Trainee: 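Take a look at the following structure, please.
Note that the structure is a prediction, hence the values are computed from the model and not measured. Side chains included, hydrogens not; waters and symmetry mates left out as well; all remaining heavy atoms used.
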Amino acid sequence: MTDARPLAATPEAYVLGVDSGGSGLRVALGRVDADGPLFTAVCAEPVRTGAGGIDAAHLLEQLLPAAAGLLERAGGGGGESGAGHCPGQVVALAIGAAGMATLGGRLRAELPGALAAALGVRRLALAADAVTAYAGAVGQRPGAVVAGGTGMIALGTDLTAWQRADGWGHLLGDSGGGAWIGRAGLEAAMRAHDGRRGGSPALLARLHTVFGPAEGLPGLLYPRSDRPAVLASFAPEVAACAGADEVAAGILREAATHIAEAAAAVCPAAGAAAGGGCEVALTGGLFRMGEPLLGPLREELARLVPQARVTTGTGDPLTGALRIARALATDGLRLPHHATMLFVPTGDGSSGHVGAEVRNGEPEPGGVPVEGPANGTADRPTDTDTSPVRHSSDISG
């Protein structure tokens, strides 16, 4: 990547964490020797994605001014490239991005050199946002995370390989996510409108309140490029009806089954075999629907993953990116490196930890990214606040 050796991490050195998703770019500045961010900045414009993948130049256009502003607020200055260390210099940086796994080729090719030149940073990690969600929710322990928002993805690791389930976008999967629940609720409402079996008059009444006459829903929904977000906006209505409406309650029970099946598919076997159980962290706005979803989800997890220790994620993907940067700065990164899921450039442009893999299918280039389809950011299960449901894409809160 560069001829200069990475700068030594000293207590006054800074690290940067970046979270790029459907609602824009978030940047956090922290110290090497302290948890949490010192300052954060938000760039509301999402990074462009085109035929060549995620636009590295557009990301830099937003990231570099934001980083300079954060360093100025912290009183550290921007730092200069070169082998010498000055107080306040950024020594490590981690970027988590929706679409990184299959659309991040330009980022992996262009960012290492550009960030070394602009910020003097030579310890860099480029991660799928599901990985930064994992780091934020679980840290560097073996376990699993289920990230739910407009979509849904589960990711687990035994610290030797990544295991993923779902996250394939609303047309092919994201089963149990916000768009899935909302679509099922709207179908039940339309069945009631038609007088077909399986309809819910309660959900039909909520459809009228939220969208207007049922006959107008197709014309409202189908032309929209953000259809998953529109569908997901109806998920809270399903939860609100579940206490008194069996159809709505049944939709949430089925969603809970899908989510628990994904968690069961990614839980590392090593911990369970050793009797230590498997930590399963739930993160994202989907789970803020509360007991109507969490009650049946706990039951399904107990049935399908009896070894699971269910927790609530304590940090979001931005927290995860900062944690990865901090671990890089101190040579303490234990999460499995991977060519597209967690790319850590070395001097020859490759990623360390050769042999790490993704089981259950990392898509081939040009397929659906880990975070969902690239066009229409609301399709991505891990993009923050793209949905009117008020769940976060970045799977955070």
Trainee: Check the pair Asp33, Arg31 against salt bridge (Lys or Arg N to Asp or Glu O under 4.0 Å), reporting the backbone distance first and the verdict last.
Mentor: CA-CA 5 Å; Asp33 62 346; Arg31 290 281 192 188; 5.5 Å; no
Trainee: Answer whether the closest heavy-atom distance between the side chains of Ile259 and Asp166 falls below 4.5 Å.
Mentor: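 No; the side chains remain at least 4.5 Å from each other.
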Trainee: What distance separates Arg323 CZ from Thr132 OG1, expressed to the nearest 0.5 Å?
Mentor: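 Atom-to-atom, Arg323:CZ and Thr132:OG1 are 11.5 Å apart.
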Trainee: Does any non-hydrogen side-chain atom of Leu282 lie less than 4.5 Å from one of Leu294?
Mentor: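 Answer yes - side chains close enough.
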Trainee: I'd like to know if Asp174 and Arg183 make a salt bridge, using a cut-off of under 4.0 Å between side-chain N and carboxylate O.
Mentor: no
Trainee: Testing the basics here: between Gln140 and Gly332, what is the closest heavy-atom pair and its distance to 0.1 Å?
Mentor: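 What the structure gives for the nearest pair is NE2-O, 3.1 Å.
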Trainee: Check each of Glu246, Glu300, Glu299 against Arg253 using the side-chain hydrogen bond (donor to acceptor under 3.5 Å, both in side chains) test, and report the only one that passes.
Mentor: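 By the side-chain hydrogen bond (donor to acceptor under 3.5 Å, both in side chains) criterion, Arg253 pairs with just one of Glu246, Glu300, Glu299: Glu246.
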Trainee: Do Leu16 and Leu119 have side chains that approach each other closer than 4.5 Å (heavy atoms only, starting at C-beta)?
Mentor: yes
Trainee: Could you check whether any side-chain heavy atom of Ile153 comes within less than 4.5 Å of a side-chain heavy atom of Arg164, counting everything from C-beta outward?
Mentor: yes
Trainee: Do you know the tightest heavy-atom contact between Leu25 and Gln62?
Mentor: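 Reported closest heavy-atom pair: CD2-CB, 3.8 Å.
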Trainee: Would you sort out whether His338 and Val131 count as a side chain to side chain contact (heavy atoms under 4.5 Å, CB included), showing the intermediate values?
Mentor: CA-CA 11 Å; His338 184 269; Val131 171; over 6 Å; no
Trainee: Kindly indicate, with the supporting measurements, whether the criterion side chain to side chain contact (heavy atoms under 4.5 Å, CB included) is fulfilled by Val90 and Leu115.
Mentor: CA-CA 10 Å; Val90 176; Leu115 291 169; over 6 Å; no
Trainee: Is there side-chain contact between Leu107 and Phe343, with at least one heavy-atom pair below 4.5 Å?
Mentor: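 With C-beta onward as the side chain, the pair stays apart.
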Trainee: What do the steps show when you test Leu155 against Met341 for side chain to side chain contact (heavy atoms under 4.5 Å, CB included), and what is the final call?
Mentor: CA-CA 11 Å; Leu155 190 69; Met341 292 284 287; 3.8 Å; yes
Trainee: Any non-hydrogen side-chain atom of Leu63 less than 4.5 Å from a side-chain atom of Ile95?
Mentor: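 Yes; the side chains approach each other to less than 4.5 Å.
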Trainee: Determine whether His193 and Leu207 make a side-chain contact, defined as any pair of heavy atoms from C-beta on separated by less than 4.5 Å.
Mentor: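 His193 vs Leu207: side chains apart.
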Trainee: Can you find a heavy atom in the side chain of Phe39 that is under 4.5 Å from one in the side chain of Glu72?
Mentor: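 No, side chains not in contact.
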Trainee: If every non-hydrogen atom of Ala92 is compared with every non-hydrogen atom of Leu328, which pair is closest and at what distance?
Mentor: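 So the minimum-distance heavy-atom pair works out to CB-CB, 4.1 Å.
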Trainee: To the nearest 0.5 Å, tell me how far Leu186 CG sits from Phe211 CZ.
Mentor: 5.5 Å
Trainee: Between NE2 of His208 and CG of Leu217, what distance do you get to the nearest 0.5 Å?
Mentor: 9.5 Å
Trainee: What distance separates Thr257 OG1 from Leu252 CG, expressed to the nearest 0.5 Å?
Mentor: 11.0 Å
Trainee: Specify the closest pair of heavy atoms between Ala260 and Leu304, including all atoms of both residues, with the distance to one decimal.
Mentor: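 In this case the closest contact between Ala260 and Leu304 is CB-CD1, 3.8 Å.
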Trainee: If every non-hydrogen atom of Thr340 is compared with every non-hydrogen atom of Met100, which pair is closest and at what distance?
Mentor: O-CG, 3.9 Å
Trainee: Mind checking the CG-CG spacing from Leu322 to Asp19? Nearest 0.5 Å is all I need.
Mentor: 11.5 Å
Trainee: Check the angle between the aromatic planes of Tyr134 and Trp162 and answer parallel, tilted or perpendicular using the 30° and 60° thresholds.
Mentor: perpendicular
Trainee: If you take all heavy atoms of Pro296 and Ala256, which pair is closest and at what distance?
Mentor: C-CB, 3.6 Å
Trainee: Could you go step by step and tell me if Tyr14 and Gln89 meet the side chain to side chain contact (heavy atoms under 4.5 Å, CB included) rule?
Mentor: CA-CA 6 Å; Tyr14 292 114; Gln89 185 157 2; over 6 Å; no
Trainee: In Å, rounded to the nearest 0.5 Å, how long is the span from CG of Asp245 to CZ of Arg206?
Mentor: 12.0 Å
